[in-house]
Amino acid sequence: MANADCIIIQGSNMAECHPVGYQWVAEAKARGAKVIHVDPRFTRTSAVADKHIPIRAGSDVVLLGALINYVLTHDLWFKEYVSAYTNAATLVHADYRDAEDLGGLFSGFDPETGAYDTASWAYAEQGGDSIDDPGAGTEHGSDASARAAGHQFGSGGPPLEHAQVQRDDTLQDPRTVFQILKRHYARYTPEMVQDMCGIDVRDFEYLAHAITENSGRERTTCFAYSVGWTQHSLGAQFIRSAAILQLLLGNVGRPGSGIMALRGHASIQGSTDIPTLFNLLPGYLPMPSAGRHDTLSEYLEAIASKKQKGYWTDADSYTVSLLKAWWGDAARAENDWAYDYLPRLNGAHGTYETVMSMLEDKVEGYFLLGQNPAVGSSNGRMQRMGMSHLKWLVVRDLNLIESATWWKDGPEIESGELRTEDIETEVFFMPAATHVEKAGSFTQTQRLLQWRHQAVAPPGECQSELQFFFQLGQRIREKLAGSEDERDRPLLDLTWDYPTDEHGDPDAEAVLAEINGRHLNGPDAGKPLSAYTELRADGSTSAGCWIYTGVYADGINHAANRKPGQEQGPAASEWGWAWPANRRILYNRASADPAGKPWSERKKYVWWDQEKGRWVGDDVPDFPVDRAPGSQPDPDLGGAAALTGDDPFIMQADGKGWLFAPKGVVDGPLPTHYEPQESPVANALYPQQQNPARLVFPRADNLSAPSAGTPGADVYPYVFTTYRLTEHHTAGGMSRWLPYLSELQPEMFCEVSPELAAERGLEPYGWATIISARSAIEAKVLVTDRMRPLAVGGHTVHQIGLPYHWGVGSNAVVSGDAANDLLGVTLDPNVQIQESKVASCDIRPGRRPRGEELLALVSEYQARAGVTIETGNRAVTNPALEGIEPGPGEGGRAAGGPG
Amino acid sequence: MGQLSGPTDPTADAHWEHSHPRKGFFTDTSICIGCKACEVACKEWNHNPQDGNLELLGSSYDNTGSLGASTWRHVAFIEQGQERITEARETGRALVNLGMPRIGPPAPAAPAATDLAEADTTPPDTADFRWLISSDVCKHCTHAGCLDVCPTGALFRTEFGTVVVQDDVCNGCGTCVAGCPFGVIERRSNGTVKVATSREEQHTEHPAVPNVGVAQKCTLCYDRLVADETPACAKACPTTSIKFGNHDDMVETARERVAGLHAQGLTEARLYGANELDGVGGTGSVFLLLDEPEVYGLPPDPRVPTADLPRMYRRAGMAVAGMVAAAAVAFLKGRA
Amino acid sequence: MTTSEFDSFRPPEPARRRRPGGKRGTGRRNSGDGSREMPMVPEPEFTSYYGRPVVKPAPWGDDVAAYLFLGGVAAGSALLGLGGQLTRRPILRRNARLSALTAVSLGAVALVKDLGRPERFLNMLRTIKVTSPMSVGSWILSAFSAGAAVSAVAEIDRMSGARLPLGPLRTVLQAVEGPAGFEAAFFAGPLAAYTAVLLGDTATPTWNAAHEELPFVFVSSAALASAGLAMVTTPVHEAGPARKLAVLGVAGDVIAMRVMEHRMDPVAAEPLHQGKAGAMLKWSERLAAAGGLGTLLAGRNRAVAAASGLALLAASALTRFGVFEAGLASARDPRYTIEPQKNRLAARRAAGITGDSITTAG
Amino acid sequence: MARRSFLQWPVVRQLSTGDLLGRGPAVTSPQTRTITPRTATADRVVQSVCPYCAVGCGQRVYVKDEKVVQIEGDPDSPISRGRLCPKGSASEQLVNSPGRQTGVLYRAPRSTEWQQLDLATAIDMVADRFIETRRRTWQQEDEKGRLLRRTMGIASLGGATLDNEENYLIKKLFTAAGAVQIENQARI
């Protein structure tokens with residue numbers, strides 16, 4: 001970011017949530033870069049940015065779409081970059097219908113399942129056929145698992161049969177991606193931005209000029225985003241729209257360019273690389289699904305066809321190496337390398353689905369490992385009620401967080417919904433070790449693994465997770481030792497023999513070595529591998545996570561590299577180790593033109609050295625190092641070998657940057673603006689109000705507020721957004737127990753504009769009650785000009801800011817109501833993330849009622865709004881209805897209105 | 001013997017032999033992101049207890065309130081609208097014109113065209129709102145009111161030119177608290193590490209509150225300076241809004257920075273404490289502010305009380321003479 | 001609104017909403033916070049940081065105010081004692097010396113009790129710092145106490161008919177008693193005046209603004225207090241000088257107060273007329289006047305002399321507590337620090353002195 | 001007063017050092033003259049990484065008598081250059097905070113209070129419940145006879161604040177046991 005000439009911070013409050021990372025934005029600004037913060041609130045980031053542009057929460061795609069439209073109509077896109085490195089010239093299948101044609105929907109939508117059949121979005125093939133899924137089998141149509149198809153693909157996205165695509169390099173053919181893009185965003189005009197986002201045209205012009213003037217050969221623009229984009233029912237598409245804009249401007253793979261994801265936890269990147277997630281195996285291999293991956297060959301074909309380009313074609317060696325790492329000798333060629341030891345999914349089993357099955361008594365045991373869902377997850381009440389149905393709960397944390405004490409002092413005890421004496425759940429609280437009491441590695445937001453040395457032994461009975469799970473695994477294997485039961489084979493054949501120190505703590509470096517992988521036989525059996533290209537599918541190599549192979553090359557723990565930053569160049573490659581292959585900027589082949597020369601001296605990064613016949617530069621080239629720029633290998637070769645000289649996107653099936661996503665995104669090949677699940681504003685671009693493919697959970701404890709145009713929408717007239725403060729950390733488990741941090745931000749508060757305060761009679765620093773369709777909380781009132789009412793959709797929309805760090809409990813230094821209690825559960829279909837950045841509520845002065853009356857207040861509001869289980873949960877907005885009266889087929893319910 | 005006011009090298013005044021250059025801060029509030037890392041790093045390094053009673057103080061994001069015995073760094077937050085910004089820009093412009101060298105008494109005619117007229121580049125882009133954020137700290141004045149009035153020698157001038165309380169000497173007489181023209185130093189009353197009382201039984205022992213009853217203030221990390229380490233707050237500051245170094249370099253950097261801002265038309269930028277001719281002989285911590293000092297809670301024209309001490313002693317001497325005379329008259333007249 | 005009789009000198013203050021304790025933002029926050037009613041009269045040109053104090057009030061309790069009073073009494077009494085010693089007024093001498101010792105001991109105890117760390121009170125004599133009024137004061141107090149103690153012990157020894165277990169020391173005591181009286185009287189003046197410098201040499205607005213005249217006020221107050229005490233303790237025939245001293249003290253006190261309030265910066269003088277401090281100072285003036293008149297007109301009548309003495313003692317105490325309280329109040333409200341300094345700065349700039357401001361443009 | 005300590009009396013030193021006004025060398029106390037930072041007197045320094053957000057700032061952990069005495073920024077880190085945010089700077093208090101739990105607590109069904117439990121027994125009880133629940137809620141195949149080989153009775157939440165090695169063992173153990181409902185903060 002320090003090299004950027006313009007930095008757009010949108011969907012993130014970087015100075016508050018990543019303060020030390022912000023020094024690089026300050027560095028760029030000191031050198032003259034322009035820093036623009038687009039955010040519903042004026043925050044501490046805006047205080048030091050050049051410009052703050054207030055935006056209505058949830059309308060980011062309108063703004064970014066308008067920027068794309070601006071770039072295209074003013075012909076400011078980076079021509080050589082786009083035509084060479086993106087799929088702009090590729091022709092799309094004839095059956096494809098755009099949102100412009102179908103009132104906001106794309107072709108292939110199945111209203112029953114609320115999901116798309118993506119066949120019609122495929123690339124067009126020479127013979128007019130479409131490049132389809134290899135071995136797609138018969139699962140088209142309404143297969144139950146298609147409902148959450150998003151979880152089935154690893155990070156590389158789904159496969160294409162092969163890379164021969166129809167292209168029209170003149171970009172004139174209406175079926176080219178370029179023309180489709182132009183037509184799709186034609187109606188995203190500055191006036192539309194004014195109407196939907198509340199950003200006046202002058203600010204839009206300012207933003208558009210800043211970005212376009214700082215893009216091209218000589219200058220680069222960088223976007224930075226965080227959960228401000230991801231936590232929406234259209235989250236993945238927000239990021240997609242930024243990706244399209246950056247690709248059009250040539251801002252990918254170059255210094256000071258790209259889209260910086262600012263992730264929130266110390267090793268959240270690590271916990272998606274080596275995923276404690278339901279839908280992934282280590283290295284972004286998908287978790288096998290019943291019906292789609294019944295055999296290893298089916299599984300491998302579903303990941304990547306051998307004939308498509310890119311490194312995903314070697315998925316077989318990655319998978320077999322993983323199975324060898326887990327089950328050692330028990331994984332043999334005969335039993336498909338113990339592929340059948342892997343459990344199968346048959347749908348989405350995300351945390352919210354799990355909590356719902358808890359409520360149906362289907363889940364008995366629950367481990368909480370340094371997470372505080374009673375405060376941090378959406379619909380806090382559902383989380384706590386769910387846990388009351390458990391048989392046993394194990395909470396491993398540093399402090400007695402609210403998720404461990406809800407049965408004693410949670411909000412439901414106070415409101416009478418739960419009685420401590422009736423709660424059957426057995427609760428084990430087991431103290432955990434802090435980051436200085438255990439050795440191990442974190443992976444930070446730039447994919448950099450950094451080793452932490454152990455400073456002191458954990459106090460008292462504290463244990464690291466490594467030691468706890470190692471001992472738990474040992475105990476379980478001892479108890480099942482004699483078992484003949486076939487179900488227990490995977491546990492008994494598991495490689496679980498790590499060396500331990502005198503305290504019984506397993507050696508973390510041994511685990512890292514297993515993750516890195518080693519040769520199993522042949523001359524250098526047992527020696528660590530040094531690159532994932534050395535992995536083989538014949539069982540001769542093992543690797544716990546293929547993208548991390550190389551971290552332990554030559555038996556040295558590169559995550560522990562600590563060559564001081566001052567003694568290295570800006571890329572600082574000898575500090576820690578970045579996956580893959582210690583590369584710092586991905587797709588950096590794009591920092592050179594198709595002929596291999598840097599686009600400009602100022603933005604030189606990686607280029608082709610003719611004599612050496614290699615790619616050289618400041619970073620590890622993200623390209624086959626000896627592949628000349630002009631080379632055009634035979635497309636039938638498949639895999640990395642098929643990558644032409646100008647295919648920088650080496651993980652994509654066609655080696656190109658995808659402006660149009662034929663596969664991999666389940667709610668539309670092109671980002672299309674839909675209103676959030678709950679919004680006071682009608683979608684002015686399409687009749688379709690919300691994201692048709694969003695995952696909704698119509699339940700009595702998860703009701704949604706009616707949206708604009710439907711009766712009852714005025715009962716929850718205001719938009720609220722949740723966010724973090726720099727002084728606290730997410731659900732407060734690591735900050736509300738610390739006196740030094742608690743005294744900096746002691747009380748839960750809400751931020752409102754002076755106009756809203758006047759309208760509702762809110763007293764500055766007095767109390768206010770905020771009511772949503774799920775619950776009601778209280779907060780002190782901060783009346784500030786930093787919140788600005790916006791003229792949106794023809795009327796004034798007030799926005800309320802709610803930090804979510806506080807929770808109801810008696811152990812923290814400071815406590816308060818949890819903002820997440822107000823939120824419902826509506827998920828983005830691609831990644832199952834909940835929409836917690838925008839929802840509707842009402843606000844009124846005074847503290848909230850206690851005990852029973854709280855429930856009465858919430859249900860009184862629900863009744864007044866006429867909210868039922870269907871409200872807001874209809875997939876397709878019925879264009880005929882337009883929210884006037886329910887159509888004939890709707891029966892008498894007043895609330896049946898659209899969306 | 002050492003001066004009582006006016007520009008001087010305080011270390012030399014105190015007769016330190018070794019020649020450490022004077023150390024100091026330069027706090028550039030225009031790049032402060034208000035993260036309060038300085039507050040926490042300072043408290044953590046000095047084991048200062050948590051103070052305040054854990055409630056919103058009604059001053060935007062500032063719930064610390066002010067500097068005090070257990071808070072040696074305090075980040076201030078001020079939200080300002082359009083009117084206040086233009087006003088600040090005017091007072092800044094007036095300052096710049098003031099600074100211009102002028103021959104003779106202020107010419108009644110229009111002031112000489114300052115170079116600023118041409119430089120009225122468009123003000124920053126968000127012109128209708130701003131959020132002033134500034135990290136306040138002890139000023140370590142060239143002439144320190146607290147040090148002068150301290151009767152026990154607990155407050156002393158270190159070889160680095162900084163002012164430090166020796167908490168093993170101070171008997172808590174409190175005269176330094178009234179002596180400080182910036183209201184920085186304070187006697188630590190109780191300042192408990194209060195943790196929710198209901199959890200009494202779970203916690204082994206509360207860390208006893210150190211140095212109760214003793215005057216406390218920022219020591220510019222004297223214990224770290226001795227080992228050539230950067231003070232905790234300057235080291236932690238993510239955007240180097242708090243810069244640490246030799247005092248003269250700090251003043252130089254401050255001057256360059258404010259000149260740069262003026263060139264961009266940000267005439268509201270001004271320096272505070274960089275002028276060694278001011279009432280305290282210039283300060284060890286120099287600030288770059290974006291509005292009048294009192295907006296941040298800083299005195300507009302502080303003056304070390306000791307500067308007038310000789311005059312006070314003379315007046316007292318006259319009073320003593322008066323009293324003795326009165327007593328004498330009372331007895332003489334009555335002789336008959 | 002101030003109700004001081006000096007209002008004629010200053011225009012009535014515009015109505016201004018001031019919340020005590022500076023908890024809530026009283027600073028002129030123009031970015032309207034919605035619920036703040038628009039002030040009818042434009043706020044005076046005074047901004048502060050949410051109404052919080054700029055300087056900090058001295059952490060002194062009433063013990064220190066009591067010491068100011070007791071110190072004054074001791075100082076005056078020592079002078080009267082010397083007077084008695086020289087003009088052979090044995091009863092006046094004895095009472096004065098005893099009053100001096102009791103007053104100075106009570107004062108010292110009050111001072112030590114107010115320390116944050118009383119067990120370290122000896123550190124007061126760790127250095128001799130001319131720049132520290134309290135250091136100079138501590139030495140004055142010690143020297144004075146030594147002299148006062150010796151002379152007083154001699155008195156006690158005489159009163160108890162030499163029954164004190166002094167043995168050979170008695171002759172030394174009698175020899176040194178005279179010089180001790182001189183020594184105490186020598187330090188009496190400084191003891192009475194240094195406390196004024198102690199308050200003046202601070203950043204507390206009202207004290208600092210009054211540093212020119214405060215010594216005269218305190219010295220006069222000391223005189224009238226000790227004279228008052230002497231009139232109470234000593235029979236009329238020997239209390240002549242005390243009566244004269246009292247009258248002189250009252251005159252000095254009233255004049256010095258008036259001159260002080262007049263020459264001070266008007267804003268910094270406000271706390272002297274407001275609230276508790278204002279009331280105390282008003283009553284102190286009335287009592288001083290009453291005591292003075294009483295002494296002047298009927299000082300010879302034992303009862304009236306005693307009553308006037310008590311009135312004078314009360315007047316002196318009220319003066320000390322009044323000035324003390326006014327100072328603390330002036331430190332708590334930012335306006336008394338900011339406005340006088342802004343006026344002072346503006347005045348200097350108007351006069352063409354532009355080089356000495358802490359705020360500079362470069 | 002011993003001879004040496006008389007000469008140490010600041011008043012005397014005011015004369016001997018020429019610091020007449022008693023501002024500097026004359027008034028220093030022995031403790032002040034021997035002052036050293038605890039970073040210099042620490043037994044060892046360990047390089048670590050801040051546990052809070054994903055920027056990954058370098059931290060230096062100072063240890064004395066097997067107790068963490070100071071955690072501050074690591075100037076060598078090219079990411080943070082020795083700087084930390086308020087949370088990072090409070091890491092020492094996170095480790096030594098009085099509010100931190102160091103003993104295993106157990107709450108029996110329907111009970112209103114915690115009770116102590118020793119670590120080994122706790123792990124054993126958890127293992128038993130794990131196996132029992134796994135057996136009770138096992139699903140070998142779905143309704144169409146396709147292999148499932150899993151239990152939906154056990155779930156886990158958390159991982160973003162843990163090390164890669166810990167995430168690896170958790171994923172490995174749970175997957176081998178058939179528990180698929182594993183999630184972490186990446187999802188919220």
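Convention: sequence-line order gives letters A, B, ...; per-chain numbering from 1.
Neither the backbone nor the side chain of A:Leu393 comes within contact range of chain D; no heavy atom of the residue lies under 4.5 Å from a heavy atom of that chain. For chain D, the nearby parts of A:Pro343 are the backbone and the side chain; heavy atoms of each come within less than 4.5 Å. Only the backbone of D:Cys50 comes within contact range of chain A, judged by heavy atoms closer than 4.5 Å. Only the side chain of A:Gln463 comes within contact range of chain D, with heavy atoms under 4.5 Å apart. Only the side chain of A:Gln231 comes within less than 4.5 Å of a heavy atom of chain D; its backbone N, CA, C and O stay farther away. For a residue to count as touching a neighbouring chain, one of its non-hydrogen atoms must lie under 4.5 Å from one of that chain's; by this rule D:Glu141 does not touch chain A. Contact annotation for D:Leu117: both backbone and side-chain heavy atoms come within less than 4.5 Å of a heavy atom of chain A. Heavy atoms closer than 4.5 Å to chain D are found in both the backbone and the side chain of A:Trp451. Proximity to chain D (any heavy atom under 4.5 Å) is shown, for A:Leu262, by neither the backbone nor the side chain. Contact of D:Ser97 with chain A is made through the side chain alone, with heavy-atom distances under 4.5 Å. With a 4.5 Å cut-off on non-hydrogen atoms, A:Ala560 does not touch chain D at all. At a 4.5 Å heavy-atom cutoff, the contact between D:Arg135 and chain A is made by backbone and side-chain atoms alike. Interface residue D:Val63: only side-chain heavy atoms are found under 4.5 Å from chain A. Proximity to chain A (any heavy atom under 4.5 Å) is restricted, for D:Val46, to the side chain, taken from C-beta onward. For D:Val104, the parts lying under 4.5 angstrom from a heavy atom of chain A are both the backbone and the side chain. Heavy-atom distances place the side chain of A:Ser357, and not its backbone, under 4.5 Å from chain D. Contact of A:Glu509 with chain D is not made at all, since no heavy-atom distance falls under 4.5 Å. Neither the backbone nor the side chain of A:Asn372 comes within contact range of chain D; no heavy atoms are under 4.5 Å apart. Proximity to chain D (any heavy atom under 4.5 Å) is shown, for A:Ser464, by both the backbone and the side chain. For A:Asp397, no part sits under 4.5 Å from any heavy atom of chain D, backbone or side chain. Interface residue A:Val394: only side-chain heavy atoms are found under 4.5 Å from chain D. Contact of A:Tyr22 with chain D is not made at all, since no heavy-atom distance falls under 4.5 Å. For D:Asp142, the part lying under 4.5 angstrom from a heavy atom of chain A is the side chain only.
A:Arg487 contributes no side-chain N or O that, together with a main-chain N or O of D:Arg150, makes up a donor-acceptor pair within less than 3.5 Å. A:Gln471 places no side-chain N or O within donor-acceptor distance of the main-chain N or O of D:Ile123, the cut-off being under 3.5 Å. At least one donor-acceptor pair under 3.5 Å links the side chain of A:Glu461 to the backbone N or O of D:Leu119.
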Going through the distances and angles, do A:Glu364 and D:Thr137 end up as a side-chain contact (heavy atoms from CB on, under 4.5 Å)?
-> CA-CA 9 Å; A:Glu364 295 185 358; D:Thr137 58; 3.9 Å; yes
Full working for salt bridge (Lys or Arg N to Asp or Glu O under 4.0 Å) between D:Asp128 and A:Lys479 = CA-CA 8 Å; D:Asp128 291 340; A:Lys479 291 180 190 290; 2.8 Å; yes
Before giving the answer on side-chain contact (heavy atoms from CB on, under 4.5 Å), spell out for D:Gln140 and A:Glu486 the whole-Å C-alpha distance, their side-chain angles and the decisive distance to 0.1 Å.
-> CA-CA 10 Å; D:Gln140 186 63 15; A:Glu486 201 274 337; 4.2 Å; yes
Can you list the steps and then say if D:Arg134 with A:Asp488 is a salt bridge (Lys or Arg N to Asp or Glu O under 4.0 Å)?
-> CA-CA 10 Å; D:Arg134 177 168 171 269; A:Asp488 299 337; 2.8 Å; yes
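Here A:Glu514 pairs with D:Lys172 in a salt bridge; the nearest charged N to carboxylate O distance falls below 4.0 Å. Between D:Glu166 and A:Lys438 there is a salt bridge, since a side-chain N of the basic residue sits under 4.0 Å from a carboxylate O of the acidic one. Salt bridge present: A:Glu424 and D:Arg110 bring a charged side-chain N and a carboxylate O closer than 4.0 Å. The pair A:Glu727-D:Lys87 fails the salt-bridge criterion, with no side-chain N (NZ, NE, NH1 or NH2) lying under 4.0 Å from an Asp/Glu carboxylate O. Taking 4.0 Å as the cut-off between side-chain N and carboxylate O, D:Asp124 and A:Arg475 count as a salt-bridged pair.
For the pair D:Arg100 and A:Trp737, the cation-pi test (distance below 6.0 Å, angle within 45°) is failed.
Note on ring orientation: taking the six-membered ring where Trp is involved, the planes of D:Phe130 and A:Trp392 are tilted (angle from 30° to 60°).
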